[in-house]
Amino acid sequence: MFSKEILIGTKISCGVNRTVDIGDLSLLNSFLWLIQPIHVDAEYAKQSFSGERNLAAPAILAVADGLVHVRGGLNELLEKHGKEIIAYVGIDGVRFTLPVLSGDTLRADVEVIEVRPTKNPVRSVLSYKNKTYNQRNGLVVEYTSRILIGEVNKQ
């Protein structure tokens, strides 16, 4: 059974950090159509709580979750057990706690919090908690993701 292979409490080492630059702010906010003045208007943003443009929350979530899947991350842990991601099932408890500004470097700390079987004996649902921090160790976002995983080439 999969739950005996990957233990609850397993920490996932996310091997890459990501510095968000002004180009990222422009591209991600525009691509996701998050064009509120705080995200796209530098003069407006000067009067805001952060004093400058910031990355919109959905884009923060995308970057934070992307950190989970790069070198040393979740995919590598799954590969060690002959598993792969089939689909995302859900994201719960999303909490944004700090803005992400141009020049911030993000890193993710991830922990497996649940692995449960499905009706299909070669698939399971794995839940992980992601806490993503900036370069000052300030918590930027935290959430729980659930993904459907299965044995490689046995879907």
Side-chain angles (χ1 to χ4, degrees), residues 6 10-79 83-116 118-120 123-153 155:
I6 294 181
T10 298
K11 305 278 192 223
I12 300 169
S13 173
C14 299
V16 174
N17 297 337
R18 171 65 191 252
T19 301
V20 177
D21 64 24
I22 196 68
D24 295 321
L25 285 175
S26 294
L27 180 65
L28 291 169
N29 288 333
S30 295
F31 180 73
L32 296 172
W33 202 242
L34 300 164
I35 55 172
Q36 293 79 13
I38 188 71
H39 304 306
V40 300
D41 183 337
E43 293 305 311
Y44 176 91
K46 285 179 184 177
Q47 306 306 314
S48 73
F49 66 94
S50 61
E52 62 182 282
R53 293 172 51 202
N54 62 66
L55 192 60
I60 294 170
L61 184 61
V63 172
D65 209 59
L67 290 170
V68 174
H69 301 282
V70 293
R71 182 181 68 232
L74 181 60
N75 293 345
E76 190 172 301
L77 177 69
L78 294 174
E79 286 172 10
K83 309 295 181 188
E84 64 185 352
I85 298 171
I86 298 169
Y88 271 78
V89 177
I91 298 177
D92 296 312
V94 179
R95 194 168 69 96
F96 299 97
T97 53
L98 288 173
V100 173
L101 308 173
S102 177
D104 281 350
T105 299
L106 304 181
R107 67 174 173 81
D109 289 339
V110 177
E111 180 178 350
V112 175
I113 59 171
E114 181 183 39
V115 181
R116 62 179 173 80
T118 65
K119 292 178 183 179
N120 184 328
R123 294 183 178 175
S124 299
V125 174
L126 182 142
S127 298
Y128 62 87
K129 173 78 110 180
N130 181 344
K131 292 184 177 183
T132 298
Y133 300 88
N134 65 22
Q135 71 277 11
R136 293 174 298 282
N137 291 319
L139 181 66
V140 172
V141 62
E142 66 179 316
Y143 60 91
T144 300
S145 273
R146 290 182 322 279
I147 55 173
L148 180 64
I149 60 175
E151 294 181 10
V152 175
N153 298 320
Q155 300 347 295

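Small disclaimer: the values here were computed from a predicted structure and weren't measured.
Sequence neighbours left out, the pairs with a member in residues 36-45 that pass salt bridge (charged side-chain N to carboxylate O under 4.0 Å, His left out) are Glu43-Lys46.
His39 has its side chain within reach of Asn54: a pair of non-hydrogen atoms, C-beta onward, lies under 4.5 Å apart. Leu74 has its side chain out of reach of Val110: every pair of non-hydrogen atoms, C-beta onward, lies at least 4.5 Å apart.
Under a cut-off of 6.0 angstrom, the local environment of CZ in Phe31 is sparse, with at most 12 non-hydrogen atoms contributed by other residues, nucleotides or ligands.
Residues passing the side-chain contact (heavy atoms from CB on, under 4.5 Å) test with Thr118, sequence neighbours excluded: Asn120, Arg123, Val125, Leu148. Applying the side-chain contact (heavy atoms from CB on, under 4.5 Å) criterion to Ile35, with sequence neighbours excluded, gives Trp33, Val40. By the side chain to side chain donor-acceptor pair (under 3.5 Å) test, Ser102 pairs with no residue at all, sequence neighbours left out. Partners of Glu79 by side chain to side chain donor-acceptor pair (under 3.5 Å), not counting sequence neighbours: none found. Judged as a side-chain contact (heavy atoms from CB on, under 4.5 Å), and not counting sequence neighbours, the contacts of Asp24 are Arg18, Val20, Asp21, Leu28. In terms of the salt bridge (Lys or Arg N to Asp or Glu O under 4.0 Å) criterion, Glu52 has no residue partners (sequence neighbours excluded). The side chain to side chain donor-acceptor pair (under 3.5 Å) check on Asn134 picks up nothing, with sequence neighbours excluded. Thr19 pairs by the side-chain contact (heavy atoms from CB on, under 4.5 Å) definition with Thr105, not counting sequence neighbours. Lys11 meets the salt bridge (Lys or Arg N to Asp or Glu O under 4.0 Å) test with Glu111; sequence neighbours excluded.
Among all heavy-atom pairs drawn from Ile113 and Lys129, the shortest one is CG2-CB, 4.0 Å. Between Gly73 and Ile12, the shortest heavy-atom contact is C-CG2, 3.4 Å. What you find for Asn17 and Arg107 is that their closest heavy atoms are OD1-CB, 3.0 Å. Minimum interatomic distance between Leu32 and Pro58 (heavy atoms only, all atoms of both residues): CD1-C, 4.3 Å. In terms of heavy-atom proximity, Asp104 sits nearest to Pro99 at OD2-O, 3.7 Å. Shortest non-hydrogen contact noted between Arg53 and Leu101 is O-CD2, 3.6 Å.
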Report all side-chain donor-acceptor pairs from residues 89-98 shorter than 3.5 Å, counting only partners two or more places apart or in another chain.
unit_1	atom_1	unit_2	atom_2	d
Asp92	OD2	Arg146	NH1	2.1
Arg95	NE	Glu142	OE2	3.1
Arg95	NH2	Glu142	OE2	2.4
Thr97	OG1	Leu139	O	2.3
Thr97	OG1	Val140	O	3.4

Name every donor-acceptor pair, under 3.5 Å, that has one atom in a side chain of residues 63-70 and the other anywhere in the protein, sequence neighbours excluded.
unit_1	atom_1	unit_2	atom_2	d
Asp65	OD1	Tyr128	OH	2.7
Asp65	OD1	Tyr143	OH	2.5
Asp65	OD2	His69	NE2	3.4
Asp65	OD2	Tyr88	OH	2.3
Asp65	OD2	Tyr128	OH	3.4
His69	NE2	Tyr88	OH	2.5

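One finds the CD1 atom of Ile6 at 4.0 Å from the CG atom of Leu77 (value rounded to the nearest 0.5 Å). Separation of atoms CD1 (Ile60) and CG (Leu106) is listed at 8.0 Å; rounding is to 0.5 Å.
Remark: side-chain polar atoms of Asn130 are not paired, donor with acceptor, to backbone N or O of Leu61 under 3.5 angstrom.
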